[in-house]
Amino acid sequence: MTTTMLTDLYPTRRAAEVAVPRQDPVVWGAPDTPGPIPTAGLQTYERDGFLAVDQLISDDEVVVCRRELERLIADPAIRADERSIVEPRSQEIRSVFEVHRLSAVFAALVRDERLVGRARQILGSDVYVHQSRINVKPGFGAGGFYWHSDFETWHAEDGLPNMRTVSVSIALTENLDTNGGLMIMPGSHRTFLGCAGATPRDNYKKSLQMQDAGTPSNEALTAMAGDYGVKLFTGKAGSATWFDCNCMHGSGDNITPFPRSNVFIVFNSVENAAVEPFAAPVRRPEFIGARDFTPLR
């Protein structure tokens with residue numbers, strides 16, 4: 001299948017920035033579909049585009065996951081692997097991608113019913129992992145991630161046709177209001193912001209360190225923030241935030257002494273498999289945008 005066979009519902013990376021109303025459901029599953037999320041939780045997700053869970057994994061599981069994170073970032077072979085992204089200023093590892101293939105601990109986590117069950121409820125189908133990574137934000141100057149919609153990138157550069165994708169960020173350290181936590185504009189998932197400008201070839205090599213292509217204008221962000229406000233997520237290690245692929249979100253620098261690390265997993269519907277990119281010259285590597293659509297079991 002190629003993109004020429006599909007209608008592009010969400011044009012982006014063109015001459016001008018343009019806002020398009022969402023064309024897809026937010027919750028694809030039936031409201032009474034059995035699963036870990038109660039009906040009220042699905043309604044909150046539908047309205048806001050996100051759902052916070054106070055404790056998704058236990059304290060003991062946090063210890064295991066954090067130990068595995070530390071093992072991975074300390075491994076010279078992992079650091080040399082193209083799946084590792086290095087912080088430009090400190091030269092420390094910022095992210096490691098495809099961790100569910102690098103680690104038995106994270107392979108088990110993505111198949112855990114507490115995760116995959118919620119993903120199936122929201123997306124109304126079997127799911128696969130479009131992307132997984134660990135994010136490491138140590139204290140004293142670790143960089144943030146500028147405002148963006150993940151779907152804008154996944155549509156433009158990975159070829160995801162529809163907004164049928166959900167992410168979960170699981171805190172492995174405490175998320176404070178001062179250490180660069182996740183910020184989301186509630187309700188922003190209902191408007192797709194097509195960004196201006198073309199996608200450079202191999203854009204991912206730069207964008208994973210500092211976003212450029214696919215970045216909204218200050219004027220658009222000001223308007224969206226005025227309409228929706230900004231929610232900052234805090235919580236103890238083991239808490240999690242589920243959020244829609246089209247939420248406008250970002251995080252600030254961490255200049256405190258307190259580290260912020262998380263594991264980030266993107267579930268996509270098997271009925272929304274990636275095609276060719278809608279606004280990029282070539283696909284991104286499979287460790288960033290998966291091409292194995294095998295349902296999780």
Side-chain angles (χ1 to χ4, degrees), residues 1-3 5-10 12 20-37 39 41-51 53 56 97-98 100-101 106-107 109-133 149-170 188-192 240-247 249 263-279 283-284 286-297:
M1 182 181 293
T2 66
T3 56
M5 298 173 63
L6 295 172
T7 300
D8 184 355
L9 298 176
Y10 303 105
T12 190
V20 176
R22 185 188 186 105
Q23 305 296 304
D24 293 307
V26 178
V27 176
W28 291 72
D32 57 351
T33 301
I37 307 176
T39 300
L42 287 173
Q43 291 170 343
T44 296
Y45 183 88
E46 172 93 30
R47 181 193 67 214
D48 296 336
F50 58 79
L51 181 66
V53 179
L56 184 63
F97 281 80
E98 213 171 40
H100 69 295
R101 297 193 184 278
F106 294 121
L109 184 64
V110 301
R111 290 172 172 81
D112 191 298
E113 186 61 24
R114 290 169 294 179
L115 277 72
V116 75
R118 284 177 166 87
R120 290 191 191 108
Q121 270 186 285
I122 292 169
L123 301 180
S125 68
D126 280 329
V127 299
Y128 70 94
V129 176
H130 176 70
Q131 185 186 106
S132 73
R133 67 179 188 259
S149 155
D150 286 331
F151 179 75
E152 192 278 338
T153 297
W154 299 337
H155 183 70
E157 300 186 39
D158 297 337
L160 294 192
N162 296 97
M163 295 180 182
R164 201 171 180 178
T165 314
V166 61
S167 301
V168 59
S169 175
I170 305 172
S188 59
H189 61 303
R190 296 195 173 278
T191 300
F192 175 76
T241 306
W242 292 84
F243 60 102
D244 180 83
C245 57
N246 190 46
C247 282
H249 67 288
V263 55
F264 180 80
I265 303 160
V266 180
F267 296 100
N268 189 38
S269 169
V270 296
E271 298 172 12
N272 190 42
V275 292
E276 292 305 311
F278 285 84
R283 302 174 179 179
R284 296 195 299 176
E286 292 195 27
F287 68 83
I288 301 174
R291 294 280 163 171
D292 180 353
F293 312 130
T294 306
L296 288 169
R297 295 285 186 250

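The residues of the chain are indexed from 1 along the displayed sequence.
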Of the non-hydrogen atoms in [X] and [Y], which two are nearest, and what is the gap between them?
{"X": "V266", "Y": "S167", "value": "CG2-OG, 3.6 Å"}
{"X": "Y128", "Y": "A274", "value": "OH-N, 4.0 Å"}
{"X": "P277", "Y": "A156", "value": "CB-O, 3.2 Å"}
{"X": "S169", "Y": "F243", "value": "CB-CE2, 4.5 Å"}
{"X": "Y45", "Y": "I122", "value": "CE2-CG2, 3.5 Å"}
{"X": "C247", "Y": "G49", "value": "SG-O, 3.2 Å"}

In Å, rounded to the nearest 0.5 Å, how long is the span from [atom1] of [X] to [atom2] of [Y]?
{"X": "H189", "Y": "R47", "atom1": "NE2", "atom2": "CZ", "result": "9.5 Å"}
{"X": "H100", "Y": "R111", "atom1": "NE2", "atom2": "CZ", "result": "7.0 Å"}
{"X": "L123", "Y": "M163", "atom1": "CG", "atom2": "CE", "result": "13.5 Å"}
{"X": "F151", "Y": "D24", "atom1": "CZ", "atom2": "CG", "result": "7.0 Å"}
{"X": "E46", "Y": "L42", "atom1": "CD", "atom2": "CG", "result": "9.0 Å"}
{"X": "W154", "Y": "S149", "atom1": "CH2", "atom2": "OG", "result": "8.0 Å"}

Just wondering, do [Y] and [X] contact through their side chains at under 4.5 Å, heavy atoms?
{"X": "V116", "Y": "V127", "result": "yes"}
{"X": "V129", "Y": "E98", "result": "no"}
{"X": "R114", "Y": "V53", "result": "no"}
{"X": "T153", "Y": "R284", "result": "yes"}

Between [X] and [Y], is there a donor-acceptor pair closer than 3.5 Å when you use the side chain of the first and the backbone of the second?
{"X": "N272", "Y": "N162", "value": "yes"}
{"X": "Q131", "Y": "I288", "value": "yes"}
{"X": "H155", "Y": "L160", "value": "yes"}
{"X": "T33", "Y": "A30", "value": "yes"}

**Message:** Given L56, which partner from the list D112, V168, T241 fulfils the side-chain contact (heavy atoms from CB on, under 4.5 Å) test?
**Reply:**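 Exactly one candidate clears the test, V168.
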**Prompt:** Which of these, R22, Q23, E152, sits in a side-chain contact (heavy atoms from CB on, under 4.5 Å) with F192?
**Reply:**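 Among the candidates, only E152 passes.
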**Set of residues satisfying side-chain hydrogen bond (donor to acceptor under 3.5 Å, both in side chains) with respect to T165, sequence neighbours excluded** =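 If we apply the side-chain hydrogen bond (donor to acceptor under 3.5 Å, both in side chains) test to T165, skipping adjacent residues, the hits are N268.
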**Message:** Do the side chains of D126 and R120 get close enough for a salt bridge, i.e. N-O under 4.0 angstrom?
**Reply:**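 Yes, charged N to carboxylate O under 4.0 Å.
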**Asked** Between H130, R283, R291, which is the residue that forms a side-chain hydrogen bond (donor to acceptor under 3.5 Å, both in side chains) with D158?
**Response**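 Testing each of H130, R283, R291 against D158, the sole residue satisfying side-chain hydrogen bond (donor to acceptor under 3.5 Å, both in side chains) is H130.
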**Asked** Using 30° and 60° as the class limits, which term best fits the ring planes of F267 and W242: parallel, tilted or perpendicular?
**Response**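 Parallel, since the angle between the ring planes stays under 30°.
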**Contact list for residues 263-272, test salt bridge (Lys or Arg N to Asp or Glu O under 4.0 Å), sequence neighbours left out** =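 Applying salt bridge (Lys or Arg N to Asp or Glu O under 4.0 Å) to every pair that reaches into residues 263-272, excluding sequence neighbours, yields R164-E271.
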**Item:** Evaluation steps, side-chain contact (heavy atoms from CB on, under 4.5 Å), between I265 and F106
**Value:** CA-CA 10 Å; I265 303 160; F106 294 121; over 6 Å; no
